[in-house]
Amino acid sequence: MSQANQTLTYLFAEMADVLEILGVDRFRVNAFRRASRVLDGLTDDIASIGPDIKALTGIEGIGRGTAQRIAEFLETGNISDRGELMSQIPGGLIELLSIPGLGPKTIGLIWKQAGVESLDDLKEQLQHDDLAELPGLGPKKLENIRKSISFSESSGDRVHLGTAMSLARWFVSKFIEFDDVQQVEYAGSLRRGQETIGDIDLIVAADPKSAKTISNAFKSLPPVTEVLVNGTTKTSVRTTDGLQVDLRIVPPESYGAALMYFTGSKEHNIVMRQRAISRKMRLNEYGLLKGKMTVAGRTEKEIYRALDLAPIPPELREDRGEFNLAESDELPALIKLSDIRSELHAHTTASDGKWTIKELALAAAERGFHTIAITDHSKGQAQANGLTNERLEQHILEIRQVADQLKKKITILAGSEVDILSDGKLDYPNSLLEQLDVVVASPHAALSQDPKKATTRLMQAIDNPHITILGHPTGRLLLRREGLSPDMRQVITAAYERGIAIEINANTWRLDLRDTHARAAIEAGVKLAINTDAHGPGDLDQLLYGVVTARRAGATKHDIVNCLSREALNRWIKGTK
DNA sequence: GCCGTTTTCGGCCCGACTGTTTTCAGTCG
């Protein structure tokens with residue numbers, strides 16, 4: 001994301017937090033939150049739109065007030081009434097909002113009535129029970145806050161998509177075995193395929209009479225370490241890896257409504273509700289209702305239809321334009337896992353992989369792929385046993401040999417994941433690169449260089465006549481390191497002009513390109529490659545996360561080179577040279 | 001603060017659970 005978008009996303013979210021603690025009306029707070037969210041999801045660099053009030057208010061969710069603040073920021077680097085706002089509360093209060101169970105009202109209360117100005121203040125006050133004297137607070141609430149603080153200090157609060165998906169699928173497989181369970185699915189941000197996940201939502205359809213039995217069985221499953229909420233339709237637990245799992249049990253006739261409701265996103269749901277209201281109906285987690293009559297609720301599909309919409313896939317439910325498409329029945333036919341027919345980025349024992357060339361090729365063939373590109377690291381990646389020029393030449397010969405042996409099973413391409421050095425040069429000379437079928441060029445080092453340098457670096461790499469795919473362009477590692485922040489518009493334009501593909505690296509640590517950038521690439525007509533960057537057994541399974549990310553970007557199989565037939569892929573690769 | 005084939009004013013999503021209460025406010029999703 002561009003620097004300005006990122007900063008403004010943060011500033012508006014922070015202003016919303018302050019307003020919330022100050023207790024101004026929630027609609028103003030919501031307006032700031034929405035502005036923040038819109039900026040976060042914006043594919044255009046806000047700086048390139050410029051301080052033009054008319055253009056800014058043209059963006060959905062940005063009104064006059066927000067536009068003026070953005071314009072001021074773009075011109076001066078500052079939002080003047082933000083300073084005024086910030087001076088009204090102690091800065092240390094904002095982080096208290098991230099403590100589960102502690103909301104803006106309570107924070108305002110303990111600040112005004114007990115002088116709490118920071119997390120440290122709060123922890124000190126929690127050592128005794130004086131806060132329990134305040135209205136609305138009691139010993140139990142204080143105990144919950146103590147627990148929340150110590151929990152959040154002992155573990156990060158989000159996990160990778162892959163981690164959450166594995167756990168969720170395990171729970172789903174357990175629920176399927178229960179006799180009383182008629183249907184079960186995971187919902188929430190996991191079902192929408194977000195890159196990191198805060199908790200898991202499970203929706204079960206069952207006769208209300210058996211809810212108690214199901215809930216009890218859930219609480220006694222092995223990964224459950226603690227029960228957080230214990231109601232008749234809702235049960236929340238904490239699991240061994242610290243993840244919260246929420247279970248909702250609904251009658252079968254409400255299953256679709258509940259699944260939709262808890263899949264979200266919140267923003268998508270709000271629009272759905274408004275649609276219902278404008279049609280004199282009501283939508284909640286039990287169904288779409290007209291007066292006392294249920295219009296729809298058993299499936300998501302029937303609810304969308306009843307609101308004059310084509311069914312919207314979970315990955316698109318972010319209120320980022322999906323409603324217009326669904327209204328006119330123009331939703332893209334999103335790519336499916338089974339559409340992927342090739343892997344163009346994988347490693348072997350020659351560098352840091354665990355498979356030999358043959359093992360990797362057979363694993364790819366086993367998946368039904370028609371083509372696999374062997375792309376080991378280049379020499380700059382010494383820690384990953386990157387190949388020197390001489391070793392690469394030797395490696396190419398070996399790949400050709402195995403390719404010949406296995407030619408009836410799968411097409412093996414000789415490639416390299418060549419380092420994009422910090423100055424944009426590639427780690428092998430062109431004389432060597434031209435011997436390869438596929439060149440995936442990716443940044444691995446100098447990942448904290450400034451955005452300008454990063455942009456120039458990637459642009460220069462794209463200019464190389466031998467590059468086929470720009471690999472994990474930012475080099476980010478989710479929940480660990482930010483990676484590069486190049487001007488993605490420029491990079492995308494350059495990739496388009498050069499006719500090369502940009503990678504969505506499917507590894508759950510990377511998901512790089514991220515969804516919004518992938519969307520911008522598709523809109524610009526750039527082809528994407530979804531690659532697992534496989535290093536050994538199991539890694540090809542990560543493909544799903546790349547597909548999900550592509551789906552969030554609105555990708556069809558026509559946008560993804562891995563979906564091409566063997567012959568078409570071959571032609572496309574030749575066309576990049 | 002945002003938004004508009006009911007509107008430039010008057011709305012803005014809604015139900016479950018918990019802990020505090022003794023009918024409800026705060027928080028969450």
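Owing to the predicted nature of the structure, the values given are computational and were not obtained by experimental measurement. Letters A, B, ... are given to chains in the order of the sequence lines, protein chains preceding strands, and every chain is numbered from 1.
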Strand partner of B:dT8, provided both Watson-Crick or wobble distances fall under 3.5 Å: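 By the stated definition (distances under 3.5 Å), nothing pairs with B:dT8.
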Tell me whether the side-chain N/O atoms of A:Arg34 come closer than 4.0 Å to OP1 or OP2 in B:dC12.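 For B:dC12, neither OP1 nor OP2 has a side-chain N or O of A:Arg34 closer than 4.0 Å.
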Over how many whole Å does the gap from A:Glu327 atom CD to B:dT5 atom P extend?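 Those two atoms, CD and P, are 11 Å apart.
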Measure the distance from CD on A:Gln274 to P on B:dT5 and round it to the nearest whole Å.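 After rounding, the gap between these two atoms is 12 Å.
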Could you tell me the separation between the CZ atom of A:Phe27 and the C1' atom of B:dC3, rounded to a whole number of Å?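 Whole-Å distance recorded here is 13 Å.
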Rounded off to whole Å, could you give me the CD1-to-P distance for the A:Ile277 and B:dT6 pair?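 In whole Å, B:dT6 P and A:Ile277 CD1 are 14 Å from each other.
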Interatomic distance, A:Glu60 CD vs B:dC12 P [rounded to whole Å]: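 Rounded to whole Å, this separation is 18 Å.
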Let's see if you get this right: which residues in residues 110-125 of chain A place a heavy atom under 4.0 Å from DNA chain B?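 Within this stretch, nothing sits under 4.0 Å of the strand.
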May I ask you to say whether A:Arg476 pairs ionically with A:Glu195, meaning some side-chain N is under 4.0 Å from a carboxylate O?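 Looking at A:Glu195 together with A:Arg476, the answer is yes, because their closest N to O distance falls below 4.0 Å.
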salt_bridge(A:Glu318, A:Arg552) N-O dist < 4.0 Å: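 The answer is yes: the pair qualifies as a salt bridge.
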Syn/anti state of B:dT7 by chi, 90° boundary around 0: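 B:dT7: syn.
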Sort me out a list of protein N/O and nucleotides 25-29 of chain B N/O pairs below 3.5 Å, or just none if empty.
{"from": "B:dG26", "atom 1": "O3'", "to": "A:Thr106", "atom 2": "OG1", "distance (Å)": "3.2"}
{"from": "B:dT27", "atom 1": "OP1", "to": "A:Gly103", "atom 2": "N", "distance (Å)": "2.7"}
{"from": "B:dT27", "atom 1": "OP1", "to": "A:Gly103", "atom 2": "O", "distance (Å)": "3.0"}
{"from": "B:dT27", "atom 1": "OP1", "to": "A:Thr106", "atom 2": "N", "distance (Å)": "3.1"}
{"from": "B:dT27", "atom 1": "OP1", "to": "A:Thr106", "atom 2": "OG1", "distance (Å)": "2.5"}
{"from": "B:dT27", "atom 1": "OP2", "to": "A:Lys105", "atom 2": "N", "distance (Å)": "3.2"}
{"from": "B:dC28", "atom 1": "OP1", "to": "A:Gly101", "atom 2": "N", "distance (Å)": "2.6"}
{"from": "B:dG29", "atom 1": "N2", "to": "A:Tyr261", "atom 2": "OH", "distance (Å)": "2.6"}

Could you tell me the separation between the CZ atom of A:Arg69 and the C1' atom of B:dC2, rounded to a whole number of Å?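 Distance check: A:Arg69 CZ to B:dC2 C1' gives 12 Å.
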Among B:dC12, B:dC17, B:dG1, which nucleotide sits nearest the side chain of A:Phe32?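 The nucleotide sitting nearest to the side chain is B:dG1.
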Side-chain N or O of A:Asn284 less than 4.0 angstrom from OP1 or OP2 on B:dC14?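 No, A:Asn284 has no side-chain N/O under 4.0 Å of OP1/OP2 on B:dC14.
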Please determine if a side-chain N or O atom of A:Asn144 lies less than 4.0 Å away from the OP1 or OP2 oxygen of B:dG19.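 Yes, because at least one side-chain N or O of A:Asn144 sits under 4.0 Å from OP1 or OP2 of B:dG19.
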Roughly, in whole Å, what's the span from CG in A:Asn30 to P in B:dG11?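 Answer to the nearest Å: 17 Å.
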Could you state the atom-to-atom distance from CZ of A:Arg82 to P of B:dG1 in whole Å?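 Answer to the nearest Å: 17 Å.
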For B:dC2 and A:Thr66 - does any side-chain N or O of the residue sit under 4.0 Å from the phosphate oxygens OP1/OP2?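 For B:dC2, OP1 or OP2 has a side-chain N or O of A:Thr66 closer than 4.0 Å.
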Does a nitrogen or oxygen in the side chain of A:Thr233 sit under 4.0 Å from OP1 or OP2 of B:dC17?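 It does, given that an N or O in the side chain of A:Thr233 lies less than 4.0 Å from OP1 or OP2 of B:dC17.
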